[in-house]
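Report on one structure; see the data block that follows.
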Amino acid sequence: MAIVNVRSADMTSLMRNETLEIPARVTNLLNEKQAEKQHVLQTLKNTRPPLVISFARGSSDHAATLAHHLLKARYGVWSFSCPPSQFQLGAKKT
């Protein structure tokens with residue numbers, strides 16, 4: 001097993017570059033999307049939906065999982081994920 005120094009100057013990859021961009025991307029998202037974030041939070045407070053369903057796959061589904069935890073912990077809203085693959089794999093032709 002080889003040990004790789006991820007800070008090595010000769011190690012470049014798309015995944016590494018994207019990973020290094022994350023802090024700046026998150027900061028920009030939080031700063032640029034204040035109005036949208038406030039709208040979503042205000043809607044949650046005003047309407048108190050009984051249930052939230054997310055439809056996402058891959059890393060978006062991972063992010064939705066965090067949102068599910070926050071919705072339940074902070075707002076008491078039940079939520080679940082319904083990945084598109086469940087519909088594709090489970091669909092029966094009649």
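Worth knowing before you read on, the calculation uses all heavy atoms, side chains too, and leaves out hydrogens, waters and symmetry mates.
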Within the structure provided, determine whether Pro49 and Leu44 are in side-chain contact (heavy-atom separation under 4.5 Å).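 Yes, at least one pair of side-chain atoms sits under 4.5 Å.
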Any heavy-atom pair between the side chains of Phe80 and Leu51 that's under 4.5 Å?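 Counting from C-beta outward, Leu51 and Phe80 do come under 4.5 Å.
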Taking Arg48 for its side chain and Tyr75 for its backbone only, find out whether a donor-acceptor pair lies under 3.5 Å.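 Yes, Arg48 side chain to Tyr75 backbone: donor-acceptor pair under 3.5 Å.
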My understanding is that only residues two or more places apart in sequence, or in another chain, count here; which of them pass side-chain contact (heavy atoms from CB on, under 4.5 Å) with Ala56? Ser60, Asp61
List the steps and the verdict of side-chain hydrogen bond (donor to acceptor under 3.5 Å, both in side chains) for His68 and Ser54. CA-CA 9 Å; His68 296 304; Ser54 69; 3.0 Å; yes
Quick one: hydrophobic cluster around Leu70, which other residues, with the 4.5 Å side-chain cut-off, linked directly or via members? Leu66
[X] [atom1] to [Y] [atom2] distance, which is reported to the nearest 0.5 Å:
{"X": "Met15", "Y": "Asn17", "atom1": "CE", "atom2": "CG", "result": "11.0 Å"}
{"X": "Lys45", "Y": "Gln42", "atom1": "NZ", "atom2": "CD", "result": "6.0 Å"}
{"X": "Glu18", "Y": "Ser59", "atom1": "CD", "atom2": "OG", "result": "9.5 Å"}
{"X": "Asn31", "Y": "Gln34", "atom1": "CG", "atom2": "CD", "result": "6.5 Å"}
{"X": "Lys37", "Y": "His39", "atom1": "NZ", "atom2": "NE2", "result": "14.5 Å"}
{"X": "Ile22", "Y": "Thr27", "atom1": "CD1", "atom2": "OG1", "result": "11.5 Å"}

Give me the one residue out of Val40, Thr47, Asn46 that meets side chain to side chain contact (heavy atoms under 4.5 Å, CB included) with Thr43. Thr47
Residue pairs fulfilling salt bridge (Lys or Arg N to Asp or Glu O under 4.0 Å) with at least one residue in residues 20-31, sequence neighbours excluded: Glu21-Arg25
